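Shown next, in structure tokens, is the structure this report addresses.
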Amino acid sequence: MIFLLTLWLSTPTTIKAADNQTYTQQFQNSITTLSGKSVEANMYFTKMDYWDVKKVTFNLNYQVSQLANRQTSDITVALNGVKFYSFRPGNKTGYQTQKIDVPLKLLSGSNHLTIDGQVLDQTSKNYQLQQTPANWLTIGDGSNINFEYQLKEAENTLSSFYAHFSGQDTIAYQRLLQPIIQLIVN
């Protein structure tokens, strides 16, 4: 206990429950190319239970075929099986970034984000979709989920302590002592 108190006094980092925090979770695959009549990508991310989430932003870094018709191609985003955002690629070549606000009511602890789309290289409305190498969508590195949240106070339970101690934001920001201090103080 004296050792923990000494560590606490020598640590300059203090975190208050009311302070807004941010955490960005990168997706596992750095670059993925999808091609065919329609494209689909699956991504997964986690929301920690001790976060009081205020805002979630999906930053999609993508590129579509240079031959794609921007007026007929479309991309739709769904979270946990519920579609919530559709858009057309911008009228430019190269990588583009689309910032998408994620509805908080769709969030759970473990989340499944799906990107569906049609990348079409024809303008006629009366045609059969052709699967060609020219119909592609590349999801680039830099695609991520950004959380804005407040920390919930740790409860006086071992599971709450463990969740705070082993949380991805705690490890990333090296705040390993904060849950111990909260447990001692409470």
Side-chain angles (χ1 to χ4, degrees), residues 20-150 166-174:
N20 281 338
Q21 310 288 320
T22 59
Y23 180 75
T24 300
Q25 192 173 124
Q26 302 292 330
F27 292 111
Q28 285 183 322
N29 297 334
S30 57
I31 298 177
T32 303
T33 296
L34 311 163
S35 60
K37 293 179 182 177
S38 62
V39 295
E40 180 179 314
N42 296 293
M43 301 175 187
Y44 301 90
F45 67 93
T46 305
K47 177 193 77 69
M48 303 308 296
D49 289 338
Y50 60 87
W51 292 350
D52 181 11
V53 178
K54 303 299 181 189
K55 182 178 181 180
V56 178
T57 305
F58 172 42
N59 299 300
L60 175 61
N61 191 19
Y62 72 97
Q63 179 181 15
V64 294
S65 167
Q66 293 84 354
L67 301 176
N69 183 314
R70 271 48 174 185
Q71 299 302 314
T72 57
S73 297
D74 58 71
I75 300 170
T76 298
V77 181
L79 183 63
N80 299 322
V82 179
K83 295 176 183 177
F84 68 91
Y85 191 82
S86 293
F87 67 98
R88 298 200 188 284
N91 195 18
K92 63 181 184 175
T93 59
Y95 277 97
Q96 304 175 47
T97 300
Q98 186 78 23
K99 293 183 181 281
I100 302 168
D101 289 336
V102 176
L104 297 180
K105 64 184 176 186
L106 299 180
L107 281 178
S108 62
S110 296
N111 296 280
H112 177 201
L113 186 74
T114 307
I115 300 169
D116 291 305
Q118 295 184 101
V119 180
L120 307 174
D121 58 359
Q122 300 179 20
T123 57
S124 171
K125 292 183 182 181
N126 299 321
Y127 62 87
Q128 296 283 38
L129 287 177
Q130 298 292 322
Q131 183 168 339
T132 74
N135 298 346
W136 55 263
L137 166 72
T138 297
I139 300 171
D141 56 355
S143 294
N144 62 56
I145 290 288
N146 182 270
F147 292 94
E148 185 177 319
Y149 61 95
Q150 292 179 346
S166 63
Q168 52 194 340
D169 60 327
T170 303
I171 294 168
Y173 298 135
Q174 299 178 352

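What you see is a predicted model, and the numbers here were worked out from it, not measured in a lab.
Between the CG atom in Leu120 and the CG atom in Asp74 there is a gap of 7.0 Å [rounded to 0.5 Å]. Considering CG of Leu60 and NZ of Lys99, their distance stands at 11.0 Å, rounded to 0.5 Å. Note: Gln98 CD to Asn59 CG = 10.0 Å, rounded to the nearest 0.5 Å. Atom CG in Asp141 sits 10.0 Å away from atom OG1 in Thr32 (nearest 0.5 Å). Between the CD1 atom in Ile115 and the OG atom in Ser143 there is a gap of 6.5 Å [rounded to 0.5 Å]. Atom CG of Asn80 sits about 7.5 Å away from atom CG of Leu107, to the nearest 0.5 Å.
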Test side chain to side chain donor-acceptor pair (under 3.5 Å) on Thr24 and Asn146; report intermediate values, then the result.
CA-CA 4 Å; Thr24 300; Asn146 182 270; 2.6 Å; yes

Test side-chain contact (heavy atoms from CB on, under 4.5 Å) on Met43 and Ile139 and set out the steps.
CA-CA 11 Å; Met43 301 175 187; Ile139 300 171; 3.5 Å; yes

Decide yes or no on side-chain contact (heavy atoms from CB on, under 4.5 Å) for Ile100 and Phe87, but give the supporting numbers first.
CA-CA 10 Å; Ile100 302 168; Phe87 67 98; 4.2 Å; yes

Phe147 vs Phe45, test: side-chain contact (heavy atoms from CB on, under 4.5 Å). Steps then yes/no.
CA-CA 11 Å; Phe147 292 94; Phe45 67 93; 3.6 Å; yes

Step by step, would you call Gln150 with Asn20 a side chain to side chain donor-acceptor pair (under 3.5 Å)?
CA-CA 5 Å; Gln150 292 179 346; Asn20 281 338; 3.3 Å; yes

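Side-chain contact between Tyr23 and Trp51: present, with at least one pair of heavy atoms (C-beta onward) separated by less than 4.5 Å. Annotation: side chain of Val64 is not in contact with side chain of Ser73 (no heavy-atom distance under 4.5 Å). The closest side-chain heavy-atom distance from Leu79 to Phe58 is not below 4.5 Å.
The two residues Tyr44 and His112 come nearest to each other via the heavy atoms CE2-CD2, 3.4 Å. The shortest non-hydrogen separation linking Thr22 to Tyr149 is C-CE2, 3.8 Å. What you find for Ile75 and Pro89 is that their closest heavy atoms are CD1-CG, 4.3 Å. The two atoms that bring Asn111 and Leu106 nearest to each other are OD1-O, 4.1 Å, heavy atoms only. Between Ala78 and Phe84, the shortest heavy-atom contact is C-CE2, 3.8 Å. Taking every heavy atom of both residues into account, Thr76 and Ser86 meet most closely at OG1-OG, 2.8 Å.
The backbone N or O of Arg88 lies less than 3.5 Å from no partner atom in the side chain of Arg70, so there is not a single donor-acceptor pair. Formation of a donor-acceptor pair under 3.5 Å by the Gln63 side chain with backbone atoms of Gly140 is not found in this model.
The neighbour count for Gln71 CD, taken as heavy atoms of other residues, nucleotides or ligands under 6.0 Å away, does not exceed 12. The environment of NZ in Lys55 is sparse: at most 12 heavy-atom neighbours from other residues, nucleotides or ligands sit within 6.0 Å.
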